[in-house]
Protein chains: 2
Amino acid sequence: MTPDRRSEAAWDLVRDRLHAEGLRWTPQRRTLVQVLSGTRGHITGSEVVERCRELDPTTTPSTVYRTLDVLEELGYVSHHHGIDGREEYHVLPTDEHGHLHCHGCGGSWEILPSEADAIAGMLDAGRSFTVDRSHITITGLCAGCTAATSGNGA
Amino acid sequence: MTPDRRSEAAWDLVRDRLHAEGLRWTPQRRTLVQVLSGTRGHITGSEVVERCRELDPTTTPSTVYRTLDVLEELGYVSHHHGIDGREEYHVLPTDEHGHLHCHGCGGSWEILPSEADAIAGMLDAGRSFTVDRSHITITGLCAGCTAATSGNGA
DNA sequence: ATTAATGCAAACGGTTTGCACTACT
DNA sequence: AGTAGTGCAAACCGTTTGCATTAAT
């Protein structure tokens, strides 16, 4: 139904999926799929546009966003809003997981499934809230930035 | 240093704080403070503008955003990006806490300090990441929406 | 009088849309 | 040929900025 969540080869089938839906396989879509298949985790809309432009400078934002919509309907990506305030697309072949965001260095770490489970379990136990494990985003300071912050003034 | 985290009366001191910094107390700022003092938790920039306009229809966005910056420097509010993709301001007199966001009904619940502690502790233990407990935002489905979703098709 | 703050209007960045044109099928 | 998809350019929304004006001090 949705593409194999593991293999990047799932992208090879996009063309056929499109055809199966009566949709078309165009150079622009090829470019976009090329970008997405080389992306792990998430990426913002404008980043997608940017990367597509590296491959094909004639890339147009509207086409990218529209195709992203189509791919979302086919189950290849999903989008929501990220901490940086822009549309953020999740590329599906990646394992679903939450993120830890350091506002010191801007770095990002994955929240392990076991951790997500623990968090989800705790919150669910208290009030029957079903946590969306793939979208947990927690901010703070990573080890490095914590040290830097507490060590010297700045 | 920063205003008393508990009493809303802290807002009464804004005027003096401004004066102490050589800044001015204007009708527009009075309106904004009125809105903020009646706000618990968080609010987006455009919502602030909207509410100020209810009190004073002549309110201008630029003034609101600029004053919000000033108040942030004074420690009355802090801002970051919310799940809905817009600037989100935290009004400080409120207890600091994270939120649970239901994307079924759009509702929002507070994450208890004890829960935040547990989450922060777990994440810190694994990789020395210092969680910002006041900004934990977790999405999912609340009890009501979970039932609605699994119960009947829609 | 001084200069912080305001209001306007225009700019910005990311995203969306209408429409005529192109090109996959 | 027929219609999905494209590119352009303009619109949108929330936010930011420059600048001349207003007003708190």
Distance, rounded to the nearest Å, where B/R53 contributes CZ and D/dG14 contributes C1': 12 Å

Residue pair B/V131 / B/D124, side-chain heavy-atom distance below 4.5 Å: no

Phosphate OP1/OP2 of C/dT6 contacted by B/T26 side-chain N/O (<4.0 Å): yes

Heavy-atom donor-acceptor pair, A/Q28 side chain to A/T63 backbone, under 3.5 Å: no

Gap between atoms CZ and P, on A/R29 and C/dA23 respectively (whole Å): 15 Å

A/R30, CZ: over 12 other non-hydrogen atoms inside 6.0 angstrom: no

Any donor-acceptor N/O pair under 3.5 Å between D/dT3 base and A/R24 side chain: yes

Below 4.0 Å: OP1/OP2 of D/dT6 and any side-chain N or O of A/T67: yes

Below 4.0 Å: OP1/OP2 of C/dA5 and any side-chain N or O of B/R66: no

Side chain B/S62 and base C/dC8 donor-acceptor under 3.5 Å: yes

Separation of C/dA5 P from B/L71 CG (nearest whole Å): 11 Å

A/E21 CD - D/dA4 P separation (whole Å): 13 Å

Below 4.0 Å: OP1/OP2 of C/dG7 and any side-chain N or O of B/Q28: yes

Between D/dA24 (P) and B/R30 (CZ): distance, integer Å: 12 Å

Rounded interatomic separation in angstrom, taking CD from A/E47 and P from C/dG13: 16 Å

4.5 Å side-chain heavy-atom contact, A/R15 and A/R24: no

Polar side-chain contact B/T60-C/dC8 base: donor and acceptor under 3.5 Å: no

Nearest-nucleotide 5' precedence on DNA chain D, B/D69 against A/T59: A/T59

5'-most by nearest nucleotide on DNA chain D - B/P61 or A/V70: A/V70

Contact check, side chains of A/F129 and B/I111, non-hydrogen atoms, under 4.5 Å: no

Atom pair distance, as rounded to whole Å: CD in B/E50 and C1' in D/dG14: 12 Å

Whole angstrom value for the distance that separates C1' of D/dA24 from NE2 of B/H19: 7 Å

